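On a predicted model such as this, the values are computed, not experimentally measured, just so you know. Numbers restart at 1 for each chain; the letters A, B, ... are given by sequence-line order, proteins then strands. Any value given below was found using the heavy atoms of this structure, including those in side chains, with hydrogens, waters and symmetry copies removed.
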2 protein chains.
Amino acid sequence: MPIDAFDFDTLLLKSFIAIAETGNFTAAAEIVGRSQSALSLQVKKLEEGFGCALFQRETRAVTLTPQGEIFLSYAKRMVQLQWEAYSRLREPDVQGEIRLGTPEDFAAHYLPDVLATFRRQHPRVLLNVACDLTLNLMRGFKAGEFDLILVKRDPQRVLGGTRVWREPLVWAAADNHQPEDPLSLVLAPQPCIYRARALAALDRARRPWHITYTSPSLAGTLAAVKAGLGITVLPANMLPAGIHPIRGSRLPRLADAEIALIKRDETSRISEMLAGHIMGSLERIS
Amino acid sequence: MPIDAFDFDTLLLKSFIAIAETGNFTAAAEIVGRSQSALSLQVKKLEEGFGCALFQRETRAVTLTPQGEIFLSYAKRMVQLQWEAYSRLREPDVQGEIRLGTPEDFAAHYLPDVLATFRRQHPRVLLNVACDLTLNLMRGFKAGEFDLILVKRDPQRVLGGTRVWREPLVWAAADNHQPEDPLSLVLAPQPCIYRARALAALDRARRPWHITYTSPSLAGTLAAVKAGLGITVLPANMLPAGIHPIRGSRLPRLADAEIALIKRDETSRISEMLAGHIMGSLERIS
DNA sequence: TGAGTGTCATAAGTAAAATTGATAGTTTTA
DNA sequence: TAAAACTATCAATTTTACTTATGACACTCA
């Protein structure tokens with residue numbers, strides 16, 4: 001492990017993050033409780049250390065340069081680690097209950113590893129994971145039934161929360177599937193966001209379709225697709241053996257699948273830690 | 001994201017790591033290029049910040065307290081991030097070729113995600129992954145054929161390298177499998193470390209066995225086990241559908257599977273980055 | 001067009017902090 | 001019991017960071 005590379009304080013990182021998020025030195029100075037000139041010097045130190053500009057100074061606002069974007073991701077991870085270390089050492093035995101809501105397919109695919117690690121690090125925490133459709137999760141969250149929810153969302157329409165995952169959404173069919181017209185579809189039932197997106201895209205492209213099979217679970221959908229009942233829409237990495245993406249056909253392109261993490265403003269220390277853990281773990285992969 | 005928690009410099013982290021690794025303030029001071037008293041004060045600052053001791057001062061050497069162990073893992077990750085950020089910003093366009101050697105099962109299971117992320121972050125790097133048995137990897141590494149290798153090892157016998165993964169090794173059988181005596185085994189061919197470990201354990205327990213099927217690849221082994229040709233030995237998380245761990249029987253317990261990353265002392269910047277990436281990514285999960 | 005405003009950068013002085021070198025206080029070793 | 005090998009502590013010094021005040025710049029609006 002190389003130990004050169006110039007050193008900096010987590011204070012610098014926090015200032016940097018605040019500036020990146022507000023787009024404004026003065027406002028950021030307010031947040032971190034220091035003078036504007038202090039932040040100016042801090043950024044200067046960072047920029048000199050890295051030998052490149054991190055912010056583009058326009059008159060009305062400062063925006064991140066490409067290098068700044070890169071550094072932001074590192075800065076956030078480092079601050080997260082710092083806070084996590086602090087939490088664990090100050091109050092080693094975090095405990096309590098966390099109610100986490102998540103889409104079913106995400107729960108089946110990416111979450112197990114992430115949650116397993118968390119459990120190992122915090123054995124006295126009661127994890128309570130519920131799977132449901134995004135709309136129900138949102139409703140439940142507002143009703144106070146969850147501490148943390150992971151929801152699907154459109155990349156365009158952002159409703160708060162932090163993006164923790166993004167991957168292409170593709171049309172998928174069984175390996176031995178033959179093209180047909182009108183399209184046979186295998187989809188989740190009504191308020192599913194992928195379903196809505198797929199149907200809207202087809203309508204826009206004026207492709208006729210009909211739904212052959214409906215299953216609320218990912219496993220059910222996959223089974224139906226494998227059985228040749230139709231094609232479906234899936235995140236690219238969730239394709240199991242026997243199902244492949246449909247390429248080069250005239251199916252409409254789909255927007256990326258995006259998963260965001262939403263948490264309460266005021267939340268327990270332990271939920272905060274799980275949120276950080278999820279963000280940190282997924283950021284590495286996505 | 002909470003922004004309290006006391007702030008510290010990456011310099012402190014490097015000192016801390018050096019002390020933890022040498023078990024000696026004076027030697028560590030030499031490494032980081034500062035006086036012994038400086039390190040003493042730095043550690044004091046950390047300990048006061050966290051409100052707990054990080055080192056246990058015995059007369060002959062200092063050792064980490066349990067809290068120190070926890071902090072060490074965070075410290076390492078933070079320094080790794082710091083170095084990675086630095087590298088990417090100083091020389092944005094890292095390029096070159098990396099020759100990575102890895103066990104086949106590991107390559108199939110955990111590595112794809114990790115490498116995919118790396119590729120996305122460093123598009124101009126040529127990744128060259130070769131799968132082989134640990135013994136061959138070791139030989140190839142010594143012969144200069146690899147920049148980096150991942151190898152299986154016994155938790156007891158450590159030969160250098162950093163542990164990046166650890167998980168229980170279990171006996172596994174097809175779901176419809178019936179117990180039998182002598183045991184029928186499905187294993188990889190000769191110099192496989194799991195094979196050796198399984199057979200040694202059985203011999204120690206004086207269980208008779210015979211090998212029914214031999215396949216060099218994980219897929220081949222799984223197919224044979226599913227077909228009921230015998231039981232095998234697998235890392236607990238690699239069990240696919242249709243194969244389950246054998247519990248409660250009188251099969252001998254197996255030591256954990258452990259994967260270590262070995263790299264040259266003098267290696268290219270880009271290999272260094274991949275090494276860091278692998279360690280960082282897997283540390284979160286394991 | 002030109003005063004007003006909001007913005008970041010810079011400068012000089014000051015406050016804070018880290019580092020050092022010397023030293024005291026341990027415990028082990030010979 | 002003296003020497004050796006440690007770490008902790010202290011006071012002096014050096015380095016670093018912060019603040020206030022001011023400058024420079026570019027938009028905005030009369």
Side-chain angles (χ1 to χ4, degrees), chain A residues 3-65 67-68 71-72 75 79 82, chain B residues 3-65 67-68 71-72 75 79 82:
Chain A
I3 63 161
D4 47 317
F6 95 105
D7 292 285
F8 46 78
D9 211 285
T10 48
L11 257 171
L12 288 199
L13 298 179
K14 289 171 187 174
S15 300
F16 174 82
I17 293 171
I19 297 169
E21 286 180 348
T22 58
N24 183 317
F25 279 60
T26 317
E30 191 75 20
I31 292 176
V32 299
R34 258 183 227 358
S35 68
Q36 172 266 316
S37 54
L39 294 227
S40 183
L41 291 174
Q42 289 180 344
V43 170
K44 191 178 178 187
K45 184 181 169 191
L46 283 175
E47 294 186 320
E48 279 173 359
F50 288 127
C52 62
L54 298 174
F55 289 110
Q56 203 148 26
R57 278 77 161 177
E58 290 146 50
T59 338
R60 217 74 218 149
V62 288
T63 54
L64 287 166
T65 60
Q67 292 89 329
F71 185 58
L72 179 62
V79 170
Q82 180 233 11
Chain B
I3 62 162
D4 46 317
F6 95 104
D7 292 286
F8 45 77
D9 212 286
T10 48
L11 257 170
L12 288 199
L13 298 179
K14 290 171 186 173
S15 299
F16 174 82
I17 294 171
I19 298 169
E21 286 181 346
T22 57
N24 182 318
F25 279 58
T26 316
E30 191 75 22
I31 292 176
V32 299
R34 248 178 254 322
S35 68
Q36 171 267 315
S37 53
L39 295 226
S40 184
L41 292 174
Q42 289 180 345
V43 170
K44 192 178 179 187
K45 184 183 168 189
L46 283 175
E47 294 185 321
E48 279 172 359
F50 288 127
C52 61
L54 297 174
F55 290 109
Q56 203 147 27
R57 278 75 161 179
E58 290 146 49
T59 339
R60 212 76 218 142
V62 289
T63 55
L64 288 166
T65 60
Q67 291 91 326
F71 185 60
L72 180 61
V79 170
Q82 181 233 10

Donor-acceptor pairs under 3.5 Å, side chain of residues 30-38 of chain B to any protein atom, not counting sequence neighbours: which ones?
| from | atom 1 | to | atom 2 | distance (Å) |
| --- | --- | --- | --- | --- |
| B:S35 | OG | B:S37 | OG | 3.2 |
| B:S35 | OG | B:A38 | N | 3.2 |

For the residue pair B:F71 and B:L13, establish whether any side-chain heavy-atom pair is separated by less than 4.5 Å.
-> yes

Where at least one partner belongs to residues 26-48 of chain B, residue pairs that pass ring-ring contact (aromatic ring centres under 6.0 Å, His included), sequence neighbours excluded = none

Base, sugar-phosphate, or nothing: which does A:T26 touch, judged by heavy atoms less than 4.0 Å apart?
-> sugar-phosphate

Heteroatom pairs (N/O) under 3.5 angstrom, protein to nucleotides 23-28 of chain C:
| from | atom 1 | to | atom 2 | distance (Å) |
| --- | --- | --- | --- | --- |
| C:dT27 | O3' | B:T59 | OG1 | 2.9 |

With sequence neighbours excluded, what pairs up with A:T63 under the side-chain hydrogen bond (donor to acceptor under 3.5 Å, both in side chains) test?
-> A:E58

Whole-Å distance, A:D7 CG to C:dT19 C1', equals 15 Å

Do A:L64 and A:L72 come within less than 4.5 Å of each other through their side chains, counting heavy atoms only?
-> yes

Outermost nucleotides of DNA chain D that come under 4.0 Å of a non-hydrogen atom of chain A = D:dA17 to D:dC27

To the nearest Å, give me how far apart CD (B:Q42) and C1' (C:dT20) are.
-> 12 Å

Under 4.0 Å between a side-chain N or O of A:N24 and OP1 or OP2 of C:dC8?
-> yes

Does anything in residues 43-54 of chain A pair up under side-chain hydrogen bond (donor to acceptor under 3.5 Å, both in side chains), and if so which pairs, sequence neighbours excluded?
-> A:E47-A:R57

Once you round it to whole Å, what is the distance between P of C:dT7 and CD of A:E30?
-> 12 Å

Position toward the 5' end of DNA chain D (nearest nucleotide), A:L41 or B:V62 = B:V62

Going by distance alone, is a donor N or O of one side chain under 3.5 Å from an acceptor N or O of the other, for A:Q56 and A:T65?
-> no

Does the pair B:D7/A:K14 count as a salt bridge with the N-to-O cut at 4.0 Å?
-> yes

N/O (side chain, A:K44) to phosphate O (OP1/OP2, C:dT10) under 4.0 Å | yes

